Amino acid sequence: MADLTTAGEAGPPRAAAAADRGFATTLIRTGSVILGLVVLAVLIGPLLVRWGPEEIDAAASLAPPGGAHPLGTDVNGMDILSRVLHAGRLDLGVAVASVALAVVLGTLLGIVAGYRGGLVDDVLMRILDVFQAFPAFILALAVAALLGGGVPELILVIALVNAPAYARLVRAEVRTVRELPFVEASRTSGSSGLGTLWRHVLPNSLTPVRVIAPLNCGWAMLTLAGLSFLGLGVTVPTAEWGAMISLGSADVVAGRWWTSVPPGLLLLVSVLGFSLLGEGLQERAGVTR
């Protein structure tokens with residue numbers, strides 16, 4: 001009877017855990033498929049398009065979709081389809097590069113603060129408090145205005161805005177991991193502090209970073225698009241989704257939807273893919289924001 005009771009009590013939690021894993025797997029697969037299709041389109045699509053992203057068709061300004069321009073042209077006579085596909089390369093590249101740089105910077109700061117502790121930890125955390133006291137996008141606007149709107153500068157801007165969050169995540173994990181028995185055993189066995197940190201503390205402190213990074217890629221794309229929309233990011237004639245939406249925003253009122261809707265849809269789909277992937281990884285890892 002005791003065995004039956006125990007099995008009955010264990011059954012629902014196991015079923016719930018299996019359902020959670022299945023839901024997480026569905027989110028991960030859906031997000032991966034969406035991102036895979038977007039990446040495939042922006043990598044292969046430009047090779048199949050007749051027009052270049054900055055090539056002007058003087059006879060077809062604001063031409064509607066059809067004929068030589070499947071998605072029409074903008075006010076400058078540039079092909080929308082070509083620009084949307086080429087812009088995807090830029091937006092995805094900037095998002096991934098900026099988040100990767102933010103992970104590196106934040107991880108270094110978090111390791112130093114969490115492993116050393118004491119005065120070093122206090123000073124670094126107070127500096128990060130200053131950065132995080134401002135809304136993220138407002139801070140990005142201010143830094144972008146100082147550094148300029150080139151692609152390397154935008155990558156640095158988005159990385160600097162994201163880095164404090166990673167630093168705090170890694171610091172919290174390092175402070176927990178450094179007290180675990182296997183880390184203490186490594187120290188007592190004669191391993192150097194740097195060796196213990198590299199072989200034991202760091203690998204076991206990066207799980208939250210791996211989970212949060214895909215979500216931040218979506219946020220990075222929105223930040224880039226927002227900066228470009230406001231004129232502080234990538235500017236025309238360079239193809240970028242936010243800049244394209246800004247250039248075509250006035251045309252929507254006049255019924256010329258094709259100048260801004262396609263880049264907006266691609267941005268929406270890409271951010272959705274990153275969000276689903278990140279949420280799925282969070283569900284699987286049991287990490288809450």
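Reckoned from all heavy atoms, side chains included, excluding hydrogens, waters and symmetry mates. The shown structure was predicted, so the numbers you read here are calculated from the model rather than taken from an experiment.
Note on Val236: it does not cluster hydrophobically with Phe229, by side-chain heavy-atom contacts below 4.5 Å among ILVMFWY residues. Taking hydrophobic clusters as Ile, Leu, Val, Met, Phe, Trp and Tyr residues chained together by side-chain heavy-atom distances below 4.5 Å, Val75 does not share a cluster with Trp258. In the hydrophobic clustering of this structure, Leu265 groups with Val271; members are Ile, Leu, Val, Met, Phe, Trp, Tyr whose side-chain heavy atoms approach within less than 4.5 Å, directly or through other members. The hydrophobic clustering, which links ILVMFWY residues whose side-chain heavy atoms are closer than 4.5 Å, places Leu247 and Ile56 together. Under the 4.5 Å side-chain heavy-atom criterion for Ile, Leu, Val, Met, Phe, Trp and Tyr, Val104 and Leu160 are members of distinct hydrophobic clusters.
Trp257 has its side chain within reach of Pro65: a pair of non-hydrogen atoms, C-beta onward, lies under 4.5 Å apart. Counting only heavy atoms from C-beta outward, the side chains of Glu55 and Ser82 never approach each other to under 4.5 Å. With contacts defined as side-chain heavy-atom distances shorter than 4.5 Å, the pair Asp79/Asp57 does not qualify.
We find the CD-CG distance between Glu240 and Leu267 to be 8.0 Å, quoted to the nearest 0.5 Å. One finds the CG atom of Leu141 at 6.0 Å from the CG atom of Leu232 (value rounded to the nearest 0.5 Å). With rounding to the nearest 0.5 Å, the separation of CG in Leu224 from CG in Leu90 is 6.0 Å. The structure places CG of Leu268 at 9.5 Å from OG of Ser275, a figure rounded to the nearest 0.5 Å. For the atom pair Thr176 OG1 and Asn204 CG, the distance stands at 11.5 Å (nearest 0.5 Å).
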Side chains of residues 209-222: which donor-acceptor pairs under 3.5 Å do they make with residues two or more places apart or in other chains?
| unit_1 | atom_1 | unit_2 | atom_2 | d |
| --- | --- | --- | --- | --- |
| Arg210 | NH2 | Thr207 | OG1 | 3.2 |
| Asn216 | ND2 | Asn162 | OD1 | 3.3 |
| Asn216 | ND2 | Tyr166 | OH | 2.8 |

Could you pull out every donor-acceptor pair under 3.5 Å between side chains of residues 145-159 and any protein atom, sequence neighbours left out?
none

Between side-chain atoms of residues 27-54 and protein atoms elsewhere (two or more places apart, or another chain), which donor-acceptor pairs fall under 3.5 Å?
| unit_1 | atom_1 | unit_2 | atom_2 | d |
| --- | --- | --- | --- | --- |
| Thr30 | OG1 | Thr26 | O | 2.7 |
| Ser32 | OG | Ile28 | O | 2.7 |
| Trp51 | NE1 | Ala68 | O | 3.3 |

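Looking at Ser228, its side chain does come within 3.5 Å of a backbone N or O of Val234 through a donor-acceptor pair. Of the possible polar contacts, none joining the Asn76 side chain to the Met78 backbone as a donor-acceptor pair under 3.5 Å is found. At distances below 3.5 Å, at least one donor-acceptor pair connects side-chain atoms of Ser98 with backbone N or O atoms of Ala95. Remark: the backbone N or O of Val84 is paired with a side-chain donor or acceptor of Trp241 at under 3.5 angstrom. For the pair Thr259 (side chain) and Asp251 (backbone), a donor-acceptor distance under 3.5 Å is absent.
Nearest heavy-atom pair across Arg83 and Pro237 is NH1-O, 2.8 Å. Nearest heavy-atom pair across Val252 and Ser260 is CG2-OG, 3.0 Å. Listed here is the closest heavy atom pair of Val174 and Gly114: CG1-C, 3.6 Å. Heavy atoms only, all atoms of each residue included: Val177 and Val201 are closest at CG1-CA, 3.9 Å.
In this structure, Val120 shares a hydrophobic cluster with Leu109, Val112, Leu124, Met125, Leu128, the cluster being traced through Ile, Leu, Val, Met, Phe, Trp and Tyr side chains under 4.5 angstrom apart.
Within a 6.0 Å sphere centred on CZ of Phe137, heavy atoms belonging to other residues, nucleotides or ligands number more than 12.
With sequence neighbours left out, Leu71 forms a side-chain contact (heavy atoms from CB on, under 4.5 Å) with Ile80, Leu81, Pro262.
Legend: side-chain hydrogen bond (donor to acceptor under 3.5 Å, both in side chains) pairs involving residues 120-144, not counting sequence neighbours, sorted by first then second residue: Asp121-Arg171, Asp121-Arg175, Arg126-Asp129, Asp129-Arg168, Gln132-Arg168.
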